[in-house]
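Single-structure report; data block below.
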Amino acid sequence: MMLELESLTHRYGTESAVDDVSFGVAEGELVALLGPSGCGKTTVVQAVAGHVRPTAGRVTLRGADVTDAPPESRQVSVVFQQSTLYPHMTVSENVAYGLRARGVESGPRADVVSEYLELVDLSEQRDAYPAELSGGQRQRVELARAVAPEPDVLLLDEPLSALDRSLRERLRGEIARIQQETGVTTLFVTHDQAEAMALADRLVVMDDGSVAGVGEPRTLYESPSTPFVASFLGRSNELSATVVRQEPLTFTVGGQEVVLPDSRADGSIGSAVSCHVRPDDLTLDAGGGLGSDGPSVSLPGTVARVADMGCRYDVTVRLETEEEVIVERTETPPATGESVSVGLLAENLTIFGAGQRDRIGVDVARL
Amino acid sequence: MRAPELLVPAALGGLILVYFALPFVTFLSRTGTATVVAGLSTPEAQVAIRNSLLTAPVSTAIATILGVPLAYVLARTSFPGKRLVEALVILPLIVPPVVGGAMIITAVGRFTPIGSAATAAGIPLTDSLIGIVLAQTFVAAPFVIITARAGFGAVDERLEQASRSLGYGPLETFWNVSLPLARGAILAGISLTFARAIGEFGATMMVAYNPRTMPTRIWVDFITGGIDATVPLALALFAITLVVLAAVQRFGRVPTVIDR
C-alpha cells in the first residue's frame, strides 16, 4: 500500500471528528473518500497531509510511519476546493514552486513546468497571474502544481465543489485523464456520490466519523453494506418488513409476503427488518393486476406526487401502509391520485436488521 | 444614480471632512506671516529635525521587526491567555501618551535598577536619543501589530498549508507566502507607526524632554513665541510625514492606508 491509515482517530477537544478509520490506497490507485459534509473527511485529509496530528492511530506512506512528520517532509500534494494559487506569482511560478523546494535546478525546472502546463493545456497562460484565469483554469493550474513534484499521494479535497455543473463534469474528466497519464496515487474526497462513482477505482464511504463501507463502486452500489451506504450511494427506498420464517427468509412487506429462496436470516421470527430498494428497480402498473411473469411482489398504492426531472419522472407512491416510495419512470407517468401498483423483484431487495448497521441474511438478495 | 439614498451619510461625512480641513486651512494661511526658511535654519530647529529623523525610523524598525512576528502568531494560533496578550497590545493606545511616558520612567528611569545600570554603562535610557526611541516605540508599535495582524488574518491558511505540502518549512512558508500576501497591510501599519512615532509628543516629553525632537521643539517654540513660531517646524514635520507615506504607498503599491 502506498498510503495506509490505521485506526485513525481524532478529537477536537471533546468533539470526536474521526473514529477508528482504517483503509489503504494502493500505488496508482484512485480511491474516493465519500461522505456527507461534517462526516470527518476533511480531518482525514488533514491528517494524511500532516496539517492535523491525529489523537490516535497511524498514517504510513510507502510503509514508513509519518504520523508525526511535518507536511513538508511528506510527499503529499493537496488540492483544495478553494484555489490556493499564489496571487503574487505567475502560473508558471506557481507550478515551479513545489519543484524549487525539491531542489530541481532552474534549467530542468522550466522543462518540467512546461510539461505539466501542457498536461493541463494551459501553456499559453504561463505568464498570467491567477486573478486573470477562470475558475476552471485555476483548478487546472492547481492540479499541475500538485502533480509536478511527482508526489507519493495526491489529495483532492472537494476540488470541484466550487464549480458549476458543466465545468465540474468537464474537469472531472480532466482529473481522470491526468491521474491516468501520471499514474499518481490519488485520494479524492467528495460529498458527491456521482463524482465518486464516476472517478474512483474504489470507494471508502464515511458516515459520522467512521467508515461505513469500502469497495468497488458498482459492488457497493448493488450490495450496500449498511443502510447508510444504501441511501447515500444513489437513492434508496426504505420499507419496513417483519420476518415470518427464517429458512428460506420470508417476511411481509407492504402487506405482502416475500420469500427469498435459498436464504436464511439471523433475525428471529416476528423481528422487524428494513428493506432497501433502488427507485429504478421499481415498476409501476396502472390499476394493478400483474401477470405471472411480472414482478414477484406487487404493492398497491396511490400516486402522491410526480416530479419531472427532464430525463425521467420521479413518481412518489403512497402505499397502503402509509409508506412512500419513489419510482423512476421514463414513460409518461400516471396522474396524481391515480391508483397504481408498485412492482419489485425480491432479488433487488437488500435487507437490514432493524436498528442494525449491518446487513442480515448475508448476500441473500444476490443468490 | 444612487445619490438620493447616499445623501444623509454623505452630508454627515461632509461635516467631519470640513472639520478636518478647516484647521489645516487656517493654520496654513499663517504661513505668509511666518518666515519658514529662517525658522528652519536656526540651530535649534536643525537639531530637532536631525533627532526626529534619527529616532522615528529606528522606532518604526524596532516596532516592525518585533511586532510583525507577534502579529503573525496572534493571527494564526490561539492559546490560553491570548486575550490578555491582545489587551496588552492595545494598552499603549488606551493609555494617554503622557501617562505612558510616566510609566516608562518608573520602569527605566535614572533611579530604577535598569535605568541606573544603563546609565552606569554609558547608555542612559532617559533624556537621550534612546529614551526618545523607547517612548516612540511604546506609543507607535501597536499600529503595525494590529494592522499586520488583520493582514495575516486575511491570508487563507490553506495557502500556507499548500506551501508546506509543496515542501517548504514554516519559516520559508512565512517568507514566501504569508509575508508577501500581507504586505499591503504591513506597509500600511508601518506607515501609521512611522507617522505616529515622528509626531510623538506626550511620552517623549516625559521620558526625554532633551534632546529635543521636532514635536518637543514645537512645544518649546509655542510657549516662547506663540502659534506663529510653531509654523516652520510644524510644516517641516508635516512634509516629512507626507513624503514618507507617499513613498511607502508608491513603492509598496498600497492602494489606501487601510488596505482591505
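Residue numbers start from 1 in every chain, and the chains themselves are labelled A, B, ... in the order their sequence lines are given, proteins ahead of strands.
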Heavy-atom cut-off 4.5 Å, strictly under: side chain, backbone, both or neither for [X] against chain B?
| X | answer |
| --- | --- |
| A/Leu85 | backbone |
| A/Ser83 | backbone |
| A/Phe80 | side chain |

Should the heavy atoms of other residues, nucleotides or ligands under 6.0 Å from [atom1] of [X] be counted, would the total exceed 12?
| X | atom1 | value |
| --- | --- | --- |
| B/Tyr19 | OH | no |
| A/Arg168 | CZ | yes |
| A/Glu181 | CD | yes |
| B/Ile94 | CD1 | yes |

Next on the checklist: Using 0.5 Å steps for rounding, measure from the CD atom of A/Gln82 to the CG atom of B/Leu159.
Outcome noted: 10.5 Å
Item to check | Inter-chain contacts: residues 36-67 of chain A against chain B, heavy atoms under 4.5 Å | outcome: A/Gln46, A/Ala49, A/His51
Checklist outcome for this item: Those residues of residues 126-141 of chain A that come under 4.5 Å of chain B on a heavy-atom basis, listed by number, are none
Ignoring hydrogens, what is the shortest heavy-atom contact between [X] and [Y]? Give both atom names and the distance.
| X | Y | result |
| --- | --- | --- |
| A/Glu72 | B/Gly167 | CB-C, 3.6 Å |
| A/Val78 | B/Ser165 | CG2-OG, 3.5 Å |
| A/Tyr97 | B/Tyr168 | O-OH, 2.6 Å |

Item to check | Residue among A/Glu142, A/Gln75, A/Arg100 with most heavy-atom pairs under 4.5 Å to chain B | outcome: A/Arg100
Item to check | Test side chain to side chain contact (heavy atoms under 4.5 Å, CB included) applied to B/Asn176 and A/Tyr86, step by step | outcome: CA-CA 10 Å; B/Asn176 292 339; A/Tyr86 300 119; over 6 Å; no
Next on the checklist: Do A/Pro71 and B/Gln161 make a side-chain contact, defined as non-hydrogen atoms from C-beta onward lying under 4.5 Å apart?
Outcome noted: no
